[in-house]
Amino acid sequence: MMLTQELSAIVGNAFQQCGLPAELGMVTVSDRPDLADFQCNGAMKGAKQAGKNPREVAQMIVDALSAEDKGEKFSELSIAGPGFINLRLTTDFLAQKLTVLAADERLGMPHIMHDKIVIDYGGPNVAKALHVGHMRPFLIGNAVDRMLRFAGCDVVSDVHLGNWGLPYGMLISEFEMMYPDSVYFSEGYNGEKDEDVVVTLDILAEMYPRVSQQCKGDEARKELAQKTTAKMQAGHKGYLALLQRFNDVTIADVRKMTDFLDIHFDLWLGESDTQPDQDAVHNHLKAKGLIEDSQGAQIIRVAREDDNKEVPPLIWLNSRGAASYPTTDLITVYQRVRDYSPDKIIYVTDYRQAQHFEQVFRAADLADYIAEEKLEHIGYGTLNGQDGRPFKTRDGGLLTLNGFISMIIDKAAERLKEIGLHEKLSDEEFKQTADMIAIAAMKFGDLSNAIRSDYIFDIDRFVSFEGKTGPYMQYAGVRIKSVLSKAAESGIEKGVFMIDDSQRALALQLILFADNISAAVKARAPHIICEYLFNVAQSFNSFYQNIHILGEENKERQSSFIAMITATSQVIEIGLGLLGIKIPQQM
RNA sequence: GCACCCAUAGCUCAGCUGGAUAGAGCGUUGCCCUCCGAAGGCAAAGGUCGUGAGUUCGAAUCUCGCUGGGUGCACCA
């Protein structure tokens with residue numbers, strides 16, 4: 001059980017003994033660490049109900065608690081201000097909690113959820129290079145993914161490639177003009193691969209903007225692309241085979257990036273994978289009477305009477321009969337329900353797509369595929385440049401994700417050289433370390449912002465080794481490991497926890513691991529983890545400053561120090577692990 | 001026009017199921033290495049929480065108005 005829950009139960013019990021609701025006993029971490037470790041504000045809420053003034057109620061609770069506890073858990077129970085109940089834990093109790101935490105590979109974090117979850121994030125487009133805009137969905141999605149797994153969920157992650165719209169009709173039609181005789185475009189395509197048709201990322205990257213531009217100015221060309229799109233969506237075998245080749249080269253490329261970022265997907269499905277089920281879903285929707293014709297398109301009305309805003313209908317098929325992303329997203333819901341029976345499907349995308357998901361969720365519910373409450377959209381804010389506008393390169397162009405990351409790596413390497421790390425490490429090790437630090441800088445920098453808010457990207461701040469940054473966290477981790485290995489060399493082993501004043505603040509932070517992780521999971525808020533880990537690291541640095549572990553003469557005290565920093569190391573390592581951040585050997 | 005989100009220290013941001021002196025990082029100003037990694041630590045200065053009202057014993061937090069930003073409002077994803 002989590003610490004605040006345990007304490008809330010104890011205090012809640014005292015409230016009950018006094019004839020008041022147990023819920024009033026909710027205990028939270030104190031706002032005033034100078035006065036208490038934890039606090040309960042319930043006496044003020046319960047005063048009216050009890051017909052007493054808040055301090056009287058608080059006194060009753062404190063009396064009941066003292067009688068029950070006899071100084072075992074609480075070294076101090078006091079009343080302050082209008083009726084705050086302040087709790088201070090005994091060092092024995094702290095030590096006991098730490099012992100339990102240190103013996104558990106999950107550091108006391110219970111499995112708080114057991115849901116089957118499908119999480120959809122990333123959403124790279126086939127045939128287009130990843131750009132900076134893909135950073136947030138990958139990082140946030142992956143952090144939430146890892147957090148849910150750690151919380152006990154059975155998670156299936158899907159990258160959900162974008163590859164079913166007009167852009168792909170454009171590309172295929174262009175290939176058809178280039179290779180009119182290819183088997184991909186013949187009537188009786190039998191599934192063979194045409195090696196003469198060369199598909200590489202470079203070719204696609206050059207082709208797409210060119211053809212896209214052409215379609216803007218040339219109606220006939222655009223019409224050809226649209227027709228090709230329609231045939232593709234209708235299941236044209238050769239087109240789909242060619243599209244599959246676009247997918248293959250794109251996936252190979254995206255995989256390089258996700259591997260580098262230590263992000264791994266269970267599924268590499270995309271919009272095009274909805275094709276086999278489009279008719280089935282269409283017929284189902286039709287049978288349910290959900291589809292109607294409107295202005296030439298086929299729509300599903302999802303507005304409700306009690307809506308306080310206008311919710312436009314979902315466009316099932318547009319007036320050209322083409323599927324769009326509402327179509328594929330709805331079919332994907334059907335497939336995920338069929339294949340995984342999830343308790344929840346979570347989508348991580350730009351918050352601007354909130355309305356789109358609202359429509360899809362309502363439609364999925366109307367179709368009886370899954371209850372709307374089981375569908376969740378996590379919308380993140382924009383990554384902005386120094387000017388407060390969406391991040392662009394200096395000349396106003398869109399920066400590729402590769403370029404963006406290289407920039408961060410260069411900056412990290414520069415810093416590492418300043419401190420002479422390149423003289424201590426081989427070129428290979430140095431490169432790996434720079435990569436690891438750059439990834440941490442990027443991930444921690446991004447994730448330490450609340451997901452929903454837009455934020456300003458400042459490379460110097462992200463890569464700085466000072467302040468609330470990834471490298472600062474890694475540095476704390478590296479220092480601990482360094483001390484631990486020196487201790488091990490000297491044969492100093494960890495012993496039992498003996499909490500004295502030097503360790504108290506750190507101990508208190510550590511035993512709140514499960515509380516913080518749990519809060520972060522429930523709120524889908526990686527920034528809570530960042531904040532918490534930063535506090536842990538600061539508490540550690542502060543502790544470390546005031547004592548000398550290897551030189552400590554009292555051996556019991558020394559061995560308790562080792563136990564303490566071992567636990568700290570685990571908290572930092574596992575905590576950072578939830579954000580997808582690793583700690584290097586040296587830095 | 002309708003709806004949603006945001007406005008907190010010089011800068012970047014937390015806090016928002018109402019509660020005690022509103023927090024952090026950066027920056028600024030002082031200190032602290034004969035000692036395990038000072039990429040560290042300690043301390044100080046810095047805020048009428050956009051604005052006006054309301055609810056409440058108590059409001060950064062809840063409600064309403066206003067101002068100033070952002071976003072979305074059927075066939076692009």
Side-chain angles (χ1 to χ4, degrees), chain A residues 26 30-32 34-36 39 41 44-45 47-48 53-54 80-84 86 123 125 162 164-167 271 294-299 301 307-329 349-356 358-359 379 381-382 384 388-389 415-416 418-419 421 448-450 452-458 460-461 464-469 471-472 474-476 478-487 490 492 527-528 530-531 534-535 537-538 540-552 561 565 586-587:
Chain A
M26 187 175 73
S30 177
D31 297 332
R32 295 284 305 272
D34 53 321
L35 299 178
Q39 68 185 60
N41 301 343
M44 291 175 289
K45 286 196 180 76
K48 198 172 277 179
N53 78 48
F84 297 99
N86 282 332
N125 290 314
W164 204 229
L166 185 59
E271 293 169 339
S294 173
Q295 300 172 32
Q298 298 188 47
I299 64 166
R301 295 200 185 276
D307 284 336
N308 63 349
K309 62 185 169 189
E310 195 183 333
V311 181
L314 178 141
I315 306 291
W316 171 248
L317 293 174
N318 69 22
S319 50
R320 295 190 313 276
S324 184
Y325 81 137
T327 323
T328 56
D329 274 342
T349 77
D350 190 310
Y351 72 85
R352 284 173 291 196
Q353 294 183 39
Q355 183 177 267
H356 159 71
E358 169 102 62
Q359 293 173 301
T382 322
N384 289 333
R389 301 296 305 167
R415 289 279 156 81
L416 292 175
E418 279 167 22
I419 56 160
L421 194 73
S448 56
N449 294 286
R452 177 49 228 262
S453 54
D454 300 339
Y455 75 90
I456 293 177
F457 174 74
D458 176 346
D460 291 315
R461 189 162 59 81
S464 170
F465 294 15
E466 291 157 29
K468 199 182 290 182
T469 68
Y472 172 95
Q474 289 175 313
Y475 179 66
V478 168
R479 281 172 104 191
I480 300 175
K481 286 190 175 178
S482 167
V483 179
L484 283 174
S485 70
K486 287 205 169 90
S490 315
I492 304 168
H527 84 273
I528 293 177
C530 294
E531 192 71 28
F534 182 69
N535 289 334
Q538 273 193 320
F540 163 74
N541 281 330
S542 179
F543 154 74
Y544 183 73
Q545 199 71 29
N546 295 316
I547 49 108
H548 195 270
I549 295 170
L550 300 183
E552 174 60 42
F561 284 158
I565 67 170
Q586 288 185 61
M587 62 187 283

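Please read all numbers here as calculations on a predicted model, not as lab measurements. Within every chain, numbering begins at 1; the chains are lettered A, B, ... in the order of the sequence lines, protein sequences first and strands thereafter.
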Can you list everything that forms a side-chain hydrogen bond (donor to acceptor under 3.5 Å, both in side chains) with [X]? Sequence neighbours excluded, please.
X      : value
A/T382 : A/D454
A/Q298 : none
A/S464 : none

Nearest-Å distance for atom pair [atom1]/[atom2], residues [X] and [N]:
X      : N      : atom1 : atom2 : result
A/Y455 : B/rC6  : OH    : P     : 18 Å
A/L550 : B/rG37 : CG    : C1'   : 12 Å
A/D307 : B/rA3  : CG    : P     : 12 Å
A/R461 : B/rA24 : CZ    : P     : 17 Å
A/Q39  : B/rG15 : CD    : C1'   : 14 Å
A/I528 : B/rG15 : CD1   : P     : 7 Å
A/H527 : B/rU12 : NE2   : P     : 18 Å
A/N535 : B/rA24 : CG    : C1'   : 8 Å

Sticking with atom [atom1], work out how far [N] lies from [M], rounded to a whole angstrom.
N      : M      : atom1 : value
B/rG18 : B/rU55 : C1'   : 11 Å
B/rU61 : B/rG69 : P     : 23 Å
B/rC13 : B/rU8  : P     : 10 Å
B/rC5  : B/rA22 : C1'   : 23 Å
B/rA9  : B/rA60 : P     : 15 Å
B/rU51 : B/rU67 : P     : 15 Å
B/rA44 : B/rG23 : P     : 12 Å
B/rC49 : B/rC62 : C1'   : 16 Å

In terms of the nearest nucleotide of RNA chain B, which residue is placed more toward the 5' end: A/F543 or A/N308?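 The residue mapped nearer the 5' terminus is A/N308.
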Quick one: on RNA chain B, does A/L416 or A/I549 contact a more 5' nucleotide (nearest heavy atom)?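 Looking at the nearest nucleotide for each, A/I549 comes out on the 5' side.
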Those residues that, when tested against [X], pass salt bridge (charged side-chain N to carboxylate O under 4.0 Å, His left out) (two or more places apart):
X      : result
A/K45  : none
A/K309 : A/E358
A/R352 : A/D350
A/D307 : A/R362

Not counting sequence neighbours, which residues clear ring-ring contact (aromatic ring centres under 6.0 Å, His included) with A/F84? List them please.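 Partners of A/F84 by the ring-ring contact (aromatic ring centres under 6.0 Å, His included) criterion come out as none, since no residue qualifies.
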RNA chain B-proximal residues of residues 478-486 of chain A, any heavy atom under 4.0 Å: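 Those residues whose heavy atoms fall under 4.0 Å from RNA chain B, taken from residues 478-486 of chain A in numerical order, are A/V478, A/R479, A/S482, A/K486.
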If you measure from the ring centre of A/F84 to the centre of the six-membered ring in the base of B/rA20, is it under 5.5 Å, with the planes under 30° apart?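 Per 5.5 Å and 30° rule: yes, stacked.
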Between protein and nucleotides 68-77 of chain B, map the contacts as a letter string: B base, S sugar-phosphate only, - none, heavy atoms under 4.0 Å, written 5' to 3'. --SSSSBB-B
In B/S/- notation (B base, S sugar-phosphate only, - none; protein heavy atoms under 4.0 Å), nucleotides 57-66 of chain B written 5' to 3' is S---------
Would you say [X] places a side-chain N or O within less than 4.0 Å of OP1 or OP2 belonging to [N]?
X      : N      : value
A/Y472 : B/rG41 : yes
A/Q538 : B/rG25 : yes
A/S448 : B/rA14 : no
A/N541 : B/rG41 : yes

Across all strands, who's sitting opposite [N] as a Watson-Crick or G-U wobble pair, both distances under 3.5 Å?
N      : answer
B/rU29 : B/rA43
B/rG18 : none
B/rU34 : none
B/rG65 : B/rU51
B/rA24 : B/rU12
B/rC73 : B/rG1

Exam field: side chain A/Q359 to backbone A/V311, donor-acceptor pair closer than 3.5 Å: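 Side chain of A/Q359 to backbone of A/V311, a donor-acceptor pair under 3.5 Å: no, none is there.
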Check: A/H527 main-chain N/O paired with A/S448 side-chain donor or acceptor under 3.5 Å: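 No: the side chain of A/S448 does not pair with the backbone of A/H527.
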Among [options], the nucleotide that comes nearest once only the side chain of [X] is considered:
X      : options                : answer
A/Y544 : B/rG19, B/rC13, B/rG37 : B/rG37
A/A450 : B/rA14, B/rC36, B/rA24 : B/rA14
A/E466 : B/rC26, B/rA24, B/rA3  : B/rC26

Rounded distance [0.5 Å steps], OG1 in A/T349 versus NE2 in A/H356: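 Rounded to the nearest 0.5 Å, the OG1-NE2 separation comes to 7.5 Å.
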Tell me what A/G81 touches on the nucleic acid: a base, only sugar-phosphate, or nothing, going by heavy atoms under 4.0 Å.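 Nothing, no nucleic acid heavy atom in range.
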Tell me what A/D34 touches on the nucleic acid: a base, only sugar-phosphate, or nothing, going by heavy atoms under 4.0 Å.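 Base contact.
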Start with the C-alpha gap between A/W316 and A/I299, add the side-chain angles, then the distance that decides, and say whether side chain to side chain contact (heavy atoms under 4.5 Å, CB included) holds. CA-CA 5 Å; A/W316 171 248; A/I299 64 166; 6.0 Å; no
With A/I456, which residues qualify under side-chain contact (heavy atoms from CB on, under 4.5 Å), at least two apart?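 If we apply the side-chain contact (heavy atoms from CB on, under 4.5 Å) test to A/I456, skipping adjacent residues, the hits are A/N384, A/Q386.
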Test log, rule side chain to side chain contact (heavy atoms under 4.5 Å, CB included), inputs A/R415 and A/D460: CA-CA 10 Å; A/R415 289 279 156 81; A/D460 291 315; 3.9 Å; yes
Is B/rC33 syn or is it anti, if syn means the base angle is within 90 degrees of 0?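 Classified syn.
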Given side chain to side chain contact (heavy atoms under 4.5 Å, CB included), test A/I565 with A/F543 step by step and report yes or no. CA-CA 10 Å; A/I565 67 170; A/F543 154 74; 3.6 Å; yes
Under 3.5 Å, is there any donor-acceptor pair linking the side chain of A/N86 to the base of B/rA20?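 It does, because a donor-acceptor pair links the side chain of A/N86 to the base of B/rA20 below 3.5 Å.
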